[in-house]
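Below: the structure, in structure tokens.
Start at 1 with the first residue, then count along the sequence. As the structure lists them, so they are numbered: ligands from 1, and atoms in each ligand from 1.
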Amino acid sequence: PEATYGGFYTREQMREIIAYARSRQVTIVPEIDLPGHSYAAMHAYGDLICDGVDFPVEGKKGRDAVCMGRPETLRFVKDVVDELKAVFPPGSPIHLGHDEVSAEAWKKCRYCQNRLKDLNETDLKALSRDFLQQIADYVRKDGYDAIVWDEAGELEADKHIFVMAWRGNDFAAAAVRKGHPVILAPCSHFYFDYYQSSAPTEPKAIGGLIPLRQVYGYELPELSPEEASKVRGLQANIWTEYLYDMGLVEYMAWPRALALAERAWSDCDPRDYKSFRSRAALALKLLEKLAVKYRPMDEED
Ligand code: ACM
Ligand code: ZN
């Protein structure tokens, strides 16, 4: 049967949405987060679970990485990639995840251990490196780009894979030095799901604290000009576990996205927060007209 997206859209509608975004200079990037963060997929497809794991209980305790030894896993991922290729035009990036992977379940799984022997390796990291490389090759063979989180940048994966550095500048610099193109998305400055102030009136969020001033004050990693040419841009992440409607997403995004945009696209001074504030005040008037539910700037800040 034909897939539906979010239970709402057909494949054809997805193609139209993606093309419309493109016409507005927006590139939509799908992420398949593997091999960790895969609890939902493992629930739906039991043959992705390692031997000896007491699922679903243990899945909730961090053993939510798919099995690296069962052939079903690669077949499943290739299926998902094929579906993405059916809706995203060639040249699109496809994000392959690889953040926060627990190798716990792989230690005792006979499929994973057999796979490790086949690879002639002893370190469990070899399992995820080999898995990543196979998927990245599969993604790229029709002209798509592969992106991974910075944990995978440590796997000695091939250098054409883009690394998205969420854990901070040190991880970004390490990936650049290994030769990867890098996108900077540090959770210290650009996680817009974190609180914007410590006021008790803030809507419930996942945690953290990143006020507007902090977003604007982001300093780039120290890199040589040649290394810096590997940096492709800045990105904010806005995970939506706690953001149950679009109004909340807008509240968390704005005005912080204004600060990100200036830092990413102009030569502004990150210490001149005051002049940014005056431009942001004008931009917020525009957002007001567009009925965007932004968070008003604090008087004091
Ligand atoms: C991430 O926030 N785990 C990418
Ligand atoms: Zn396994």
Side-chain angles (χ1 to χ4, degrees), residues 29-42 45-55 58-59 62-77 93-119 121-132 134 146-155 161-172 174-175 180 182-195 205-210 234-243 252 260:
V29 181
E31 179 187 0
I32 324 166
D33 202 355
L34 290 161
H37 284 286
S38 298
Y39 189 69
M42 289 156 77
Y45 300 93
D47 49 13
L48 304 178
I49 302 168
C50 278
D51 188 35
V53 170
D54 180 17
F55 202 82
E58 287 185 324
R63 292 190 193 187
D64 56 356
V66 292
C67 182
M68 296 284 88
R70 297 173 74 155
E72 290 88 346
T73 305
L74 212 53
R75 210 175 303 145
F76 168 78
V77 182
I94 297 179
H95 200 310
L96 301 176
H98 263 82
D99 58 320
E100 302 178 292
V101 180
S102 163
E104 205 48 40
W106 303 344
K107 286 182 189 164
K108 290 191 190 137
C109 168
R110 67 194 151 102
Y111 303 106
C112 285
Q113 291 302 320
N114 283 343
R115 179 78 192 134
L116 203 54
K117 269 193 215 114
D118 287 348
L119 293 171
E121 298 273 3
T122 49
D123 187 344
L124 290 169
K125 276 196 173 146
L127 289 176
S128 45
R129 183 192 312 123
D130 177 72
F131 176 72
L132 169 63
Q134 289 196 64
I147 307 181
V148 292
W149 294 114
D150 58 67
E151 286 95 327
E154 296 172 347
L155 292 176
I161 299 175
F162 287 63
V163 168
M164 214 172 248
W166 73 279
R167 291 181 297 171
N169 278 359
D170 291 348
F171 296 97
H180 294 278
V182 168
I183 297 153
L184 305 168
C187 61
S188 52
H189 292 75
F190 301 146
Y191 265 42
F192 293 175
D193 54 336
Y194 288 9
Y195 282 102
I206 194 162
L209 176 63
I210 302 184
L234 310 186
Q235 169 178 292
N237 293 337
I238 182 160
W239 310 111
T240 52
E241 294 101 313
Y242 290 80
L243 310 180
M252 299 303 269
L260 171 77

Quiz item: Vertex the Zn ion (ligand 2): angle to SG of Cys109 and SG of Cys50, to 10°?
Solution: 110°
Quiz prompt | At the Zn ion (ligand 2): angle between Cys112 atom SG and Cys67 atom SG, to 10 degrees | solution = 110°
Self-check item: Test item: Tyr195 and Ile210 side chains (from C-beta on) under 4.5 Å apart, heavy atoms
Solution: no
Quiz item: Quick one: does Glu100 get an N or O within less than 3.5 Å of an N or O on ligand 1?
Solution: yes
Self-check item: Whether Arg70 side chain and Asp47 backbone form a donor-acceptor pair below 3.5 Å
Solution: yes
Quiz item: When you measure from atom 2 (O) of ligand 1 to every protein heavy atom, which one gives the shortest distance, and what is it?
Solution: Tyr191 OH, 2.6 Å
Exercise. Look at atom 3 (N) of ligand 1 and say which protein heavy atom is nearest, naming residue and atom and giving the distance to 0.1 Å.
Key: Asp99 OD2, 2.7 Å
Quiz item: Which one of Arg129, Arg167, Lys125 satisfies the salt bridge (charged side-chain N to carboxylate O under 4.0 Å, His left out) criterion with Glu154?
Solution: Arg167
When the side chains of residues 30-42 are checked against the rest of the protein, which donor-acceptor pairs come out under 3.5 Å, sequence neighbours left out?
residue	atom	partner	partner atom	Å
Glu31	OE2	Trp149	NE1	2.9
Asp33	OD1	His98	N	3.4
His37	NE2	Asp99	OD2	3.3
His37	NE2	Glu100	OE1	2.9
Ser38	OG	Asp33	O	3.3
Ser38	OG	Pro35	O	3.1
Ser38	OG	Gly36	O	2.8
Tyr39	OH	Pro56	O	3.4

Quiz item: So which of Phe190, Tyr191, Phe171 actually passes side chain to side chain contact (heavy atoms under 4.5 Å, CB included) with Trp166?
Solution: Tyr191
